There are 2 protein chains.
Amino acid sequence: MNLGEIGRRVRESREARGLTQSSLAALVGVSRSAVAQWETGRSGQVGANLALVAEALGVGVSYLLLGEPGSPADRSEPPQITGNELALVRLYRRCGPADQAALVRLAHRFAVGQASPT
Amino acid sequence: MNLGEIGRRVRESREARGLTQSSLAALVGVSRSAVAQWETGRSGQVGANLALVAEALGVGVSYLLLGEPGSPADRSEPPQITGNELALVRLYRRCGPADQAALVRLAHRFAVGQASPT
DNA sequence: ATATCTTTGTTAGTTTTAATCACCTATGAC
DNA sequence: GTCATAGGTGATTAAAACTAACAAAGATAT
């Protein structure tokens, strides 16, 4: 995520829309100097205005950030384990290999004993 | 792009990886308080550390920002837990509450036995 | 040719804000 | 009870992002 690239894409998108720095600044609600600094890379990042800039330019936030075209809106699967499971994994990580194996074997015995659903 | 949502996803991703605020802070190179403030929404944004946070958590920048997986490159992520740990968690999930508690207690006993007193 | 208007780049100064430090609470182990 | 770990929050500090002002290049008209 090169930050200089973001400014370049802001400029390209702005010019493709036929906007001046002033008009984009008005749409976003910042000064024209701010837009100029985004585009010339003097500001490290567009920051909190990123969403507003993307909307004003008619592009996706992902495009400005990463250069990839708009993302298909399929949901990802973020969290996998819950708090209890997290605690177990933390303990597991502190065990030696033999103890880890013993834990897995015991868990397996317990699980099998619980009449596993298919 | 609700900024409070970003903190929520940082927390979920962090816990899914089994990291504490301290360990994530160390990975990113900031103080633990900074991580706490991201997650509680006290800081409006993660800002320039966004890319580092995403990398440390093994998720995409787009996911942290938008809750969507974003570009395909974002999806080439390392697994959040290792294969052995995942297997243990799966077995754990098939155990009854008493057996789950027994597993945790045993894991703790093992972990303590392995503990390196700092 | 020069005056003027438009657009953009850049520097200096101000303000916002994110990070750090410190202290606090809650929880669990011993 | 103490001790250790994990996390939340107020106050201070340092680093930004923003604004304002000035400068330069290009076009157009007179």
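To find a chain, count down the sequence lines: A is the first, B the second, and so on, and within it residues start at 1. When reading the values below, keep in mind they use all heavy atoms of this one structure, side chains included, and skip hydrogens, waters and symmetry mates. Model, not experiment: these values are computed from the prediction.
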- For the side chain of Ser31(A), counting heavy atoms from C-beta on, which of dC18(D), dG7(D), dT9(D) is nearest? dC18(D)
- Item | Distance-only donor-acceptor test (3.5 Å): side chain Arg32(B), base dG8(D) | yes
- Message: With a 4.5 Å cut-off on side-chain heavy atoms, are Val30(B) and Leu52(B) touching?
- Response: no
- Item | Gln21(B) CD to dA26(C) P, straight-line distance once rounded to whole Å | 17 Å
- Item | Atom-pair distance (CG on Leu19(B); P on dT5(D)), nearest Å | 17 Å
- Message: From the set dG9(C), dT7(C), dG7(D), return the single nucleotide nearest to any side-chain atom of Arg11(A).
- Response: dG9(C)
- Message: Could you tell me how far apart Glu39(B) (CD) and dA18(C) (C1') are, to the nearest whole angstrom?
- Response: 15 Å
- Which of these nucleotides, dG10(D), dG9(C), dT19(D), is closest to any side-chain atom of Ala34(A)? dT19(D)
- Query: Which nucleotide sits closest to the side chain of Trp38(A): dC18(D), dT8(C), dT20(C)?
  - Reply: dC18(D)
- Over all atoms of both residues, closest heavy-atom pair of Ile6(A) and Leu64(A): CG1-O, 3.4 Å
- Task: Check if the side chain of Gln37(B) and the base of dT17(C) share a donor-acceptor pair of N or O atoms closer than 3.5 Å.
- Result: no
- Query: How many Å lie between CD on Glu15(B) and P on dT5(D), as a whole number?
  - Reply: 19 Å
- Item | Name of the residue among Arg32(B), Arg14(B), Arg8(B) meeting salt bridge (charged side-chain N to carboxylate O under 4.0 Å, His left out) with Glu39(B) | Arg14(B)
- Can you find a donor-acceptor pair, distance only, under 3.5 Å between Ser33(B) side chain and dC21(C) base? yes
- Can you see which heavy atom on Glu12(B) is nearest to which on Tyr63(B), and at what distance? OE1-OH, 3.8 Å
- Query: Does OP1 or OP2 of dT20(C) have a side-chain N or O of Arg42(B) closer than 4.0 Å?
  - Reply: no
